[in-house]
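Quick notes on the structure that follows.
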Number of protein chains: 2
Amino acid sequence: MALVVQKYGGSSVADASCIKRVAQRIVATKKAGNDVVVIVSAMGDTTDELLDLAEQVSPLPPGRELDMLLTSGERISMALLAMAIANLGHEARSFTGSQAGVITDSTHGKARIIDVTPGRIQEAIDQGHIAIVAGFQGVSQDTKDITTLGRGGSDTTAVALAAALNADVCEIYTDVDGIFTADPRIVSAARKIPRISYDEMMEMAACGAKILHLRCVEYARRFDLPIHVRSSFSTKEGTWVVSDPYTEGTEMEQPIISGVAHDRSEAKITVVGVPDKVGEAASIFKTLADAEINIDMIVQNVSAAATGRTDISFTLPTADSQTALTSLKKIQPQIGFESLLFDDQIGKVSLIGAGMRSHPGVTATFFAALADSGVNIEMISTSEIRISVIVEQDGVDAAVAAAHRAFDLDADQVEAVVYGGSGR
Amino acid sequence: MALVVQKYGGSSVADASCIKRVAQRIVATKKAGNDVVVIVSAMGDTTDELLDLAEQVSPLPPGRELDMLLTSGERISMALLAMAIANLGHEARSFTGSQAGVITDSTHGKARIIDVTPGRIQEAIDQGHIAIVAGFQGVSQDTKDITTLGRGGSDTTAVALAAALNADVCEIYTDVDGIFTADPRIVSAARKIPRISYDEMMEMAACGAKILHLRCVEYARRFDLPIHVRSSFSTKEGTWVVSDPYTEGTEMEQPIISGVAHDRSEAKITVVGVPDKVGEAASIFKTLADAEINIDMIVQNVSAAATGRTDISFTLPTADSQTALTSLKKIQPQIGFESLLFDDQIGKVSLIGAGMRSHPGVTATFFAALADSGVNIEMISTSEIRISVIVEQDGVDAAVAAAHRAFDLDADQVEAVVYGGSGR
């Protein structure tokens, strides 16, 4: 008997009939002889509707109250799901994040999980019940106030609970068949990846692949918990995210490149004419850190000997641009840089693959493919298993398609035709 | 400085603009130098919408899950109300029933409050915050599951918290100006009652007056907590419910009759031909009690000497009729009664007044008034401060109007014209 943790997102429980369908899948898993714990998000548009209401009463609602409001969303979906399961003749018990022992810090809106003490969930399992747990929410260790985990919160709840319960697998249900070698909306020949490592998945997530959030993969890696990303609309195998995907005698060789990710949500700021003195760059990035801005890529030009000045470019979430620019303007007199340039018409394209470690020439092939498709590279950043470039936003699609083709990721013609139905 | 507990019902917080208006009233009370604790119901139709959803997934949802679902309603309204208050520059903190220390038994859907431990609320008050508490909900002492209190639950939460916090007054806000001498929709000359005793108010509530629920008045009487029932649409004084309304030098003499209440929600069952032996009536009512049916009035005819059999009639909530009839059918062979009669076309009309104790002839005047208006009496029940009669449902309006007139409760012409604006 295995312990299976399943997570269903908002689109999987969008209305009563969706909830009933999910209930049947859960009961089928239970009937197959497994213990089942389910993490559920708020129904479809509930969160947006609640945010709308909040906006109507206050332009700047306090974080504590916003969390109190939003957590009603999962309360509704989890109770309905428990009812639907009961209606199929199985015992189900719903639990809030607090009841499930999801203990967080008190950063409302983006709390971090500090501890998971799932005593009540374990008790429900021991009694043979199916436990339904609200995703995305917890309770603050210090203030005992209700918190929400922010983006990717339900996935993180699922993985954290699965780890605390020592589950055999955490299944993340979504509306696609798994993780693909590229966004199928851009590359129609993109294929489903059957198995991928935590490290590659984290690079994919950090580089814009939206299926799994970075936090949840980090958490799974720490506890070596297998994640199975799959569709709630079919029973096909999806993508397994595991520590070493290639050791278990899979029939294929390890591919060089696992996939191509892209991200259009970043902007670029260039600080022009920074005096090339020790500590100037540090002051700039300390200022940005104090404003709680996450910087992604950073490039510093070689200092021009004539002027003794240099340019520093970096990328950041477009949503944080205004805050960043304002913070930097404030320290302009102190640092003495010349000006600020801002560009939000950029995109990031990333190649991810553990295989590139042992294959020289990956960078050359990647850049040649981009050049052939007429895309200019503005910034470059690399890790052991990733190469990212910043290009102009209009060139993203062409860059993704070119890279996908250059590394032989395109599916065979036949497979491509049935894409979405078969995968690989 | 006083501690004021205010309760706002669903119609007072039906939408964002209602919530903002309530927030202003709360802030005004705070600014007047009071500590304020607010109990709030779910917004307008939220509860019905949630019940609708539940029905879509399950015809018979488990009580535990239904409570989990419904309690999301107050969670939404209380968070929004706290935001609206914060937007007016005052600190507000919302608390679930569980967080507010409302401890109940584990009867889902109609839990009873066992204890109130409002440590977090007191702490919020001490910090100068306005505390917003979800009405209608608590947490089970034994199972730690979320419970709802059933009908009148939010009023009961308000009174229970007010008592536990040793508040000076519990203000119940509603959409009418207070408690009236009769339903103004039936008797246009009905007047607002300025002060009424707990005992009279309990009889009024038990007899169909819908403004305050019996449980909440019982609770207030036990702790001698003044209730002020008033309109959320005006700042006029409403009705004070207190232990002795006539000692504080009010200008008027104690009236004989405080008001006329009516109730159309009951039905009558007659058990025909019950063998007149010791214990037969007991078996009947034990059966009904086991089925958790609340019996109201009971009448047993004098046994007919010739047959040794008698008829027993009783009234009960119409909603429980089917259950009651089924239970009784089951014990028919054992008891040996002849048949069951059922009538849901009845109404109850009640005269309530502490003054009737010292005024003989009240019953005669009442019955004469009913006779004059052509209404036939089917059953009678009395207490020290109440006389109730069962009449046919079509006669209820005429009976209420006749009684109201017979006991000089009608307002003067002038007052009647401005009814709804002035009251008394």
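Letters A, B, ... are given to chains in the order of the sequence lines, protein chains preceding strands, and every chain is numbered from 1.
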B:Gln99 vs A:Lys144 side-chain heavy atoms within contact, under 4.5 Å:
no
Does any backbone or side-chain atom of B:Ala84 lie under 4.5 Å from a heavy atom of chain A? Answer side chain, backbone, both or neither.
both
Could you check which of B:Ala79, B:Ala86, B:Ala82 has the highest count of heavy-atom pairs closer than 4.5 Å to chain A?
B:Ala79
What part of B:Leu66 lies closer than 4.5 angstrom to a heavy atom of chain A: side chain, backbone, both or neither?
both
Tell me, for A:Asp145 versus chain B, whether the close heavy atoms (under 4.5 Å) come from the side chain, the backbone, both or neither.
both
Quick check on the structure: residues of residues 27-59 of chain B within a heavy-atom distance below 4.5 Å of chain A, by number.
B:Met43, B:Leu50, B:Leu53, B:Ala54, B:Gln56, B:Val57, B:Ser58, B:Pro59
What part of A:Ile19 gets within 4.5 angstrom of chain B, counting heavy atoms only: side chain, backbone, both, or neither?
side chain
Non-hydrogen atoms of chain B under 4.5 Å away: do they reach the side chain of A:Ala23, the backbone, both or neither?
neither
Tell me, for A:Leu88 versus chain B, whether the close heavy atoms (under 4.5 Å) come from the side chain, the backbone, both or neither.
neither
Below 4.5 Å from any heavy atom of chain B, which atoms of A:Arg93 appear? Answer side chain, backbone, both or neither.
both
Taking B:Ser94's backbone N and O only, do any of them form a donor-acceptor pair with A:Arg64's side chain (distance below 3.5 Å, no angle check)?
yes
Residue B:Thr71 versus chain A: region with a heavy atom under 4.5 Å
both
